[in-house]
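What follows is one structure encoded as structure tokens, with my remarks underneath.
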Amino acid sequence: NAGVTQTPKFQVLKTGQSMTLQCAQDMNHNSMYWYRQDPGMGLRLIYYSASEGTTDKGEVPNGYNVSRLNKREFSLRLESAAPSQTSVYFCASSEALGYNSPLHFGNGTRLTVT
Amino acid sequence: AQSVSQHNHHVILSEAASLELGCNYSYGGTVNLFWYVQYPGQHLQLLLKYFSGDPLVKGIKGFEAEFIKSKFSFNLRKPSVQWSDTAEYFCAVNAYSGAGSYQLTFGKGTKLSVIP
């Protein structure tokens, strides 16, 4: 059982380039999330999708867009990468957007923007 | 706005020492509480969770946490740490924020280094 799969694992971009981070889960979860992790900042929510067909902004959405392609897949797009977007990105999923739904995380994508 | 505070940024312990990591949150309503662990180079994994009932929650690998509602705290404990417990630990609080919405907030994390 793969759980949450993210691709790529590593990526280096130049300022202004675009890219899409892919995420897929095989647990039939309704809700999916994108976080970024920076040293000393913990995890900050970028966007989330409570269920297929819906997406909402999180704490730090500027410079990002998302697509909930279907129930399994939730992608994150950087249209014009900036050095401030250098970070480790984690996709996560949960049964539902509710109280008692722990998150299941992917292995992360380490992105460097030069 | 809801916030989660983890008191220690970095804790260094010798093997067999006891561990307590602090977590306080600022929200007056009903919450669900989580501790996640991130081993070096890996993703976050659920360590334990509190939803209701007994405020002393036991998780994997000998960890436990106690929910003290009056103190808005959910501290993580382990009686005797091992080198393999070296990791970063994140406290998270999930609270109902109205109109069917829930807000999950993570603390900034505490790095634990265990010296053999």
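The chains referred to below are lettered A, B, ... by the order of the sequence lines, with proteins before strands, and numbering in each begins at 1.
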Legend entry - Min side-chain heavy-atom separation H43(B)-F90(A) under 4.5 Å: yes

Inset, instruction - Answer yes if L13(A) and I46(A) sit in the same cluster of Ile, Leu, Val, Met, Phe, Trp and Tyr residues linked by side chain heavy atoms under 4.5 Å apart, and no otherwise. - result: yes

Inset, instruction - Tell me whether V81(B) is reachable from W35(B) by hopping between hydrophobic residues (I, L, V, M, F, W, Y) whose side-chain heavy atoms are closer than 4.5 Å. - result: yes

Inset, instruction - Give the cluster check for Y39(B) versus V114(B): same hydrophobic cluster or not, with ILVMFWY residues linked at side-chain heavy-atom distances below 4.5 Å. - result: yes

Inset, instruction - Name the option with the most non-hydrogen atom pairs under 4.5 Å to chain A; the candidates are F90(B), Y36(B), Y50(B). - result: Y36(B)

Legend entry - Validation row: L104(B), L103(A) side chains within 4.5 angstrom (heavy atoms): yes

Legend entry - Residue pair H9(B) / G40(A): nearest heavy atoms and the distance that separates them: CE1-CA, 4.5 Å

Inset, instruction - Tell me whether V88(A) is reachable from Y47(A) by hopping between hydrophobic residues (I, L, V, M, F, W, Y) whose side-chain heavy atoms are closer than 4.5 Å. - result: no

Legend entry - Residue E95(A) excluded, over 12 heavy atoms near CD under 6.0 Å: no

Legend entry - V4(B)-V31(B) co-clustered via ILVMFWY side chain contacts under 4.5 Å: yes

Inset, instruction - Output the distance between atom CD (Q37(A)) and atom CD (E88(B)), rounded to the nearest 0.5 Å. - result: 6.0 Å

Legend entry - Under 4.5 Å from any heavy atom of chain A - which part of Q6(B): neither

Inset, instruction - Walk me through it: do L44(B) and L43(A) pass the test side-chain contact (heavy atoms from CB on, under 4.5 Å)? - result: CA-CA 10 Å; L44(B) 278 79; L43(A) 279 88; 3.8 Å; yes

Legend entry - Proximity breakdown for L46(B) and chain A, heavy-atom pairs closer than 4.5 Å: side chain

